[in-house]
Amino acid sequence: MYRKFKQIIFEVIQPAENGRIASKIFDLTILGFILLSVISVFITTFDLPREYQKSLQQIEHISLIVFSVEYLLRIWTADLLYPGYGFFRSRIRYVFSGMALIDLLAILPFYLPMFLPVNLIGIRAIRLVRLLRLLKLNRYSDALASIGAVFKSKSKEIFASLFFVFILLVVASLLIYYAEHDTQPEQFQNAFSGLWWAVATLTTVGYGDIYPITPIGRFLGAIIALLGIGMVAVPTSILSAGFMEVLHKSVETPSNDEKKDPEPPAEEKSASETAKKYCPYCGKKLD
């Protein structure tokens, strides 16, 4: 009875499959609490009457209970998720998995103030990451697999382009610091101020809160802006090319039924082999 009940709970909390109504209801319920909890975090940033604040606190407490129970149930059924790892190893593996860490981060800000004298209400917005569980639904599984395949196949190119952009940011931040520090010591206090300017310029955002005024600084800003137009677009073009390759492979790759041509019947096969032994014109047997 215990094993059967545990199996039922495991099937309910796992990603919904076709025909599994209870699992779909569970996913939608958790999603509803995620949205409700995130909305309440935003509403708490406003100056509200005391009665509304109490209502929001009640929503937070209910969400905390739901997320905590879900997290404990997933740990409890981890041995069914990893059947070959044993009782303790399966739970340890789940606790350090990506989704389990997201679940923990969603409830941890509620418990940390009990042990630490720090207000971590803003961190509760991290539960927004849990919206990625929408991708569990079957209709998104193929798209998610394609995205993972693109990042895996183009990982070297993406890393190389991002590394070059990082080097360019560091060099630009140092150059603009030495070019503008003497003229604007308040704006360009250190290399980190130059890094902020380099990021805003290289991405062509240009907030305007910090900008060069010396001829050398403006010339450097123009060069960085022109480089940013091309360099920031490199990772995007790499990903676009990767998606096109995956799309073409999925279209051109034949299915399992198409890969193998149906073999002719045994009678036709034997007749064909027999025909090869005789001349098609005179009918004499070939040596």
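Fair warning: this is a prediction, and the values are worked out from it, not measured in the lab.
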Examine [X] and [Y] and state if one hydrophobic cluster contains both, with Ile, Leu, Val, Met, Phe, Trp and Tyr joined whenever side-chain heavy atoms are less than 4.5 Å apart.
{"X": "Y71", "Y": "F96", "result": "yes"}
{"X": "F159", "Y": "I167", "result": "no"}
{"X": "V69", "Y": "L101", "result": "no"}
{"X": "I216", "Y": "I213", "result": "no"}
{"X": "F164", "Y": "L195", "result": "yes"}

Is the [atom1] atom of [X] crowded by more than 12 outside heavy atoms at less than 6.0 Å?
{"X": "Y82", "atom1": "OH", "value": "yes"}
{"X": "L162", "atom1": "CG", "value": "yes"}
{"X": "Y211", "atom1": "OH", "value": "no"}

Work out which heavy atom in [X] is nearest to a heavy atom in [Y]; give both atom names and the distance.
{"X": "I30", "Y": "F67", "result": "O-CE2, 4.3 Å"}
{"X": "T203", "Y": "A200", "result": "OG1-O, 3.5 Å"}
{"X": "G242", "Y": "K154", "result": "CA-CE, 3.8 Å"}
{"X": "A172", "Y": "I224", "result": "CB-CD1, 3.5 Å"}
{"X": "L168", "Y": "L202", "result": "CD2-CD1, 3.6 Å"}
{"X": "T201", "Y": "G221", "result": "CG2-O, 3.7 Å"}

A side-chain contact here means heavy atoms from C-beta on lying under 4.5 Å apart; do [X] and [Y] qualify?
{"X": "P212", "Y": "I176", "value": "yes"}
{"X": "F33", "Y": "I62", "value": "yes"}
{"X": "S90", "Y": "L81", "value": "no"}
{"X": "L80", "Y": "R3", "value": "yes"}

### Query
So, N190 side chain and S193 main chain: donor-acceptor pair closer than 3.5 Å or not?
yes
### Query
Hey, does the side chain of S173 reach the backbone of V170 with a donor-acceptor pair shorter than 3.5 angstrom?
yes
#### Entry: Donor-acceptor pair between Q53 and Q57 side chains, under 3.5 angstrom
no
### Query
How about T214 and E180: does a side-chain donor come under 3.5 Å of a side-chain acceptor?
yes
### Electrostatic pair K6-D79, nearest N-O below 4.0 angstrom
yes
### Query
So is R91 actually on top of F87's ring, under 6.0 Å and inside 45° of the axis?
yes
### Spacing of OG1 belonging to T29 relative to NZ belonging to K24, to within rounding of 0.5 Å
14.0 Å
### Query
Looking at Y177, F192, F188, Y207, which hits side-chain contact (heavy atoms from CB on, under 4.5 Å) with W197?
F188
### Query
Less than 6.0 Å separating the ring centroids of W76 and F10?
no
### Task
Might you work through the side chain to side chain contact (heavy atoms under 4.5 Å, CB included) test for Y94 and S97, ending with a clear yes or no?
CA-CA 5 Å; Y94 173 76; S97 63; 3.8 Å; yes
### Message
Could you walk me through whether S161 and I238 satisfy the side chain to side chain contact (heavy atoms under 4.5 Å, CB included) test, starting with their C-alpha distance in whole Å, then the side-chain angles of each, then the deciding distance to 0.1 Å, before giving a yes or no?
### Response
CA-CA 9 Å; S161 61; I238 293 174; 4.1 Å; yes
